[in-house]
Amino acid sequence: MQKALYYINITEKNKRGIIMNYREYIASRLESITGLSCEEIKKVIEIPPDPKMGDMAFPCFILAKTLKKAPPLIANELMSELNNDIKFEKVQAVGPYLNFFFNRAEFEKDVLTRVKESKGSFDKSEEGKGKTVLVEYSSPNIAKPFHIGHLFSTAIGNSLARIYEYLGYDVKRLNHLGDWGTQFGKLICAYKRWGDPKVIEKDPINELLKIYVKFHEEAEKNPALDDEAREYFKLLENNDPETTKLWQYFRDVSLKEFKRVYDMLGVSFDSYAGESFYGDKMQEVVDILREKNLLTESDGAQVVMLDDMNMPPCIILKSDGATIYATRDIAAALYRKRTYDFYKNIYVVGTPQALHFRQIFEVMKRAGWDWANNCIHVGFGLVKFPDKKLSTRHGDVVFLEDVLNESIQKTREKIEQSNPDIGDKEEVAKRIGIGAILYTFLKNNREKDIVFSWDSMLDFEGESAPYVQYSYARGRSILRRCNTDFSNPDFSKTTSDEEYELVKQINAFGNAVSDAADKNEPFYITRYVTNLAKCFNKFYNTHPILKGDVDVQTQKARLAIVDAATQVIKSALYLLGIETVESM
RNA sequence: GCGCCAGUAGCUCAGUUGGAUAGAGUGUUUGGCUACGAACCAAAAGGUCGGGGGUUCGAAUCCCUUCUGGCGUACCA
């Protein structure tokens, strides 16, 4: 029994998940029996929909033609060939499928040993060593509130950054601040007219928002205001000292407020180079595009025509000669390539801007920059209200900070009623409250819209961060109470369905991380860790560890399982930007 | 009009190199705390996978068509 795995050669490359080794092994056995190639077999081997059917299955359809036999018959014949293999508990033919059942104790030993040896970084990889991945995310506008919609980009970007880091990439977090554009002309205009420095000093973002909203109301009645705003922006562009000073002030107070929210979320950046940073880097882009003969004049503007790609033209210079966001984004991409020599350049920006990115990436390709192919737009849906869309211009915003505080407050109340004696309630409430909000933004396909609702946002039951955090806390509680040394357990007594399924789920972590990175989709991890917690809770409810009369060997093995499960839950939550608590 | 995305249980959503009986959570009904932590577990009920056609041994998944919704459609970002 102990030797069952000996002839499986675990190579350095193949270390990730013993499942891979089983696949390899099954393929090599079937290769010699069926004459199919190893690669062909590996491709069709699958995980059965129900664990009761086995751990892996080989569908026999592909052999039907060559052997001229019905698949169920083939499955039966293969079964008799393989049934004495020591590596499997059993091999079973069910209809056209050949189902393999692993040796559970061996499997558990392998997985849990690997978790333990990883010391908190299970399945961490070095595949990205020496490669830089840029993640642009969050990117709020200066002098405007950090609202609930910004959390989408912030949560996804932060998670992706951590995921790529876990895979060994050198990650640079970029906050492309919206700190330039005609909107600042409007703001300065509003400030000159209605701004009271003393009032604004006290609560800058809110007061600036007020006058910004007022500007739009007044401008509807009096269009001359818009012209005035354009004048102010022109002054800003020409480095007029007074206007620039004002702008700098707006930027400073805004960043200060943003950073407060980022601290709450545990989010950080390597660069805050926003739109203003690229002001002097756009002329070169215009020159390059002109030199490569890509610019065409159209309605007075300089554009790159993209009709052959079925896209509207990409405007590089407006008819008044001014640059536009496309120019800025192209300049930024070029700057980033030169500065970071990125392997991937990821933009976490809403799906409504999908066309914009397709356009500028295409323009960059036409400029001869093949690295444009490594620029990726990672889109996400809208945060909506049941009845309307968020609009800063009309002042109907939900501040992210308010949402976070509300959630923390609710957690506080919950702790007070269910577990009032724990230490550091504030920190615990913060981690759980914020985790719950982050989870709701990371639990589904990122392109799906989210309809804002306090009820669902503050629902701490079922699929939620608190559910996962709770599982973790229960596991840690057991480990805290026990005095047993479980360093060298024997898993022959922990082969029940619940125990085995939990270990299988632990083992699947690496796949979840790779999937999340491949698709730039954090929700693969969210789903994974929720399943892991579910498996843990089921195990927890069916198998006593410290209570009752559990024999020492069984207890040690179960403790080892708890230890590994909590460790992997923590790692997975970390990749989502969600923290754990020891008790809650 | 054109482009992109979506339509799966009452609600919110998983489920693509085509495979076994379409799955969770929530809500509803019900059972389990003198506790290794009930923010938990267990059970029941709930489905023409928007409609129609096609491809094949087999389709939620691929193709065509149609309906509905969202977003985007050159000088805002």
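Treat the numbers as computed from the prediction; the structure is a model and nothing was measured. Throughout, a chain's letter reflects where its sequence line sits, starting with A, and its residues are numbered from 1.
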Check every strand shown and say whether [X] touches a base, only sugar-phosphate, or nothing at a heavy-atom separation below 4.0 Å.
{"X": "A:Phe523", "answer": "sugar-phosphate"}
{"X": "A:Ser464", "answer": "nothing"}
{"X": "A:Ala322", "answer": "nothing"}
{"X": "A:Pro96", "answer": "nothing"}
{"X": "A:Ile545", "answer": "base"}
{"X": "A:Leu317", "answer": "nothing"}
{"X": "A:His543", "answer": "base"}
{"X": "A:Asp226", "answer": "nothing"}
{"X": "A:Ala64", "answer": "nothing"}
{"X": "A:Ala354", "answer": "nothing"}
{"X": "A:Asp299", "answer": "base"}
{"X": "A:Pro59", "answer": "nothing"}
{"X": "A:Met584", "answer": "base"}
{"X": "A:Asn445", "answer": "sugar-phosphate"}

From [options], pick the nucleotide closest to the side chain of [X]?
{"X": "A:Glu461", "options": "B:rG37, B:rC40, B:rG25", "result": "B:rC40"}
{"X": "A:Asn99", "options": "B:rA20, B:rG15, B:rA39", "result": "B:rA20"}
{"X": "A:Arg481", "options": "B:rC40, B:rG70, B:rG37", "result": "B:rG37"}
{"X": "A:Lys384", "options": "B:rG32, B:rG7, B:rG70", "result": "B:rG70"}
{"X": "A:Ser418", "options": "B:rC2, B:rA20, B:rA39", "result": "B:rA39"}
{"X": "A:Lys448", "options": "B:rA6, B:rA20, B:rA24", "result": "B:rA6"}
{"X": "A:Pro312", "options": "B:rC41, B:rU73, B:rA20", "result": "B:rU73"}
{"X": "A:Asn541", "options": "B:rA20, B:rC41, B:rA14", "result": "B:rC41"}
{"X": "A:Ile478", "options": "B:rG70, B:rG37, B:rU73", "result": "B:rG37"}
{"X": "A:Leu355", "options": "B:rC40, B:rG72, B:rU17", "result": "B:rG72"}

Mate of [N] where both pairing distances stay under 3.5 Å, Watson-Crick or G-U:
{"N": "B:rG27", "result": "none"}
{"N": "B:rA38", "result": "none"}
{"N": "B:rU17", "result": "none"}
{"N": "B:rC49", "result": "none"}
{"N": "B:rA6", "result": "B:rU68"}

Once you round it to whole Å, what is the distance between [atom2] of [N] and [atom1] of [X]?
{"X": "A:Leu573", "N": "B:rA39", "atom1": "CG", "atom2": "C1'", "result": "14 Å"}
{"X": "A:Phe539", "N": "B:rA42", "atom1": "CZ", "atom2": "P", "result": "14 Å"}
{"X": "A:Leu306", "N": "B:rG3", "atom1": "CG", "atom2": "P", "result": "17 Å"}
{"X": "A:Phe536", "N": "B:rA39", "atom1": "CZ", "atom2": "C1'", "result": "14 Å"}
{"X": "A:Lys414", "N": "B:rG37", "atom1": "NZ", "atom2": "C1'", "result": "13 Å"}
{"X": "A:Glu521", "N": "B:rC5", "atom1": "CD", "atom2": "C1'", "result": "13 Å"}
{"X": "A:Leu546", "N": "B:rA35", "atom1": "CG", "atom2": "P", "result": "14 Å"}

Worksheet entry | Gap separating the CG atom of A:Leu404 from the CD1 atom of A:Ile148, nearest 0.5 angstrom | 7.0 Å
Worksheet item: In Å, rounded to the nearest 0.5 Å, how long is the span from OG1 of A:Thr580 to CZ of A:Arg476?
Response: 8.0 Å
Just N and O in the side chain of [X]: are any of them under 4.0 Å from OP1 or OP2 of [N]?
{"X": "A:Arg328", "N": "B:rA77", "answer": "yes"}
{"X": "A:Lys538", "N": "B:rA42", "answer": "yes"}
{"X": "A:Tyr467", "N": "B:rC41", "answer": "yes"}

Practice prompt. Step through it carefully: locate the ring centre of A:Phe509, locate the ring centre of A:Tyr528, and say whether they are under 6.0 Å apart.
Written response: yes
Discussion item. Any donor-acceptor pair, under 3.5 Å, between the side chain of A:Tyr325 and the base of B:rA77, if you only look at N and O atoms?
Written reply: yes
Worksheet, complete the sentence: Nearest heavy-atom contact between A:Cys535 and A:Leu502 is CB-CD1, 3.8 Å
Fill in: Steps toward ring pair (Phe, Tyr, Trp, His ring centres under 6.0 Å) verdict (A:Tyr278, A:Tyr335)
CA-CA 9 Å; A:Tyr278 299 100; A:Tyr335 172 83; 5.7 Å; yes
Worksheet item: Taking the side chain from A:Ser254 and the backbone from A:Ala143, do they hold a donor-acceptor pair closer than 3.5 Å?
Response: yes
Practice prompt. Between A:Ser477 and A:Lys519, just flag the one whose closest nucleotide in RNA chain B comes earlier from the 5' side.
Written response: A:Lys519
Worksheet entry | 5' precedence on RNA chain B between A:Thr542 and A:Val44 (nearest-nucleotide basis) | A:Val44
Worksheet item: What's the verdict on ring pair (Phe, Tyr, Trp, His ring centres under 6.0 Å) for A:Phe233 and A:Trp180, showing C-alpha distance, side-chain angles and the deciding distance?
Response: CA-CA 9 Å; A:Phe233 183 58; A:Trp180 207 246; 5.7 Å; yes
How far does the [atom1] atom of [N] sit from the matching atom of [M], given to the nearest Å?
{"N": "B:rC5", "M": "B:rC63", "atom1": "P", "value": "11 Å"}
{"N": "B:rU55", "M": "B:rA45", "atom1": "C1'", "value": "37 Å"}
{"N": "B:rU26", "M": "B:rU34", "atom1": "C1'", "value": "32 Å"}
{"N": "B:rU29", "M": "B:rG46", "atom1": "C1'", "value": "12 Å"}
{"N": "B:rG47", "M": "B:rC33", "atom1": "P", "value": "32 Å"}
{"N": "B:rU68", "M": "B:rG54", "atom1": "C1'", "value": "23 Å"}
{"N": "B:rA60", "M": "B:rG51", "atom1": "C1'", "value": "15 Å"}
{"N": "B:rG7", "M": "B:rU61", "atom1": "C1'", "value": "15 Å"}

Practice prompt. State, yes or no, whether a side-chain contact exists between A:Tyr137 and A:His176 at a heavy-atom distance under 4.5 Å.
Written response: no
Worksheet item: When the ring planes of A:Phe441 and A:Phe152 are compared, do they come out parallel, tilted or perpendicular, using 30° and 60° as the limits?
Response: perpendicular
Worksheet item: Are the charged groups of A:Glu579 and A:Lys430 less than 4.0 angstrom apart, N to O?
Response: no
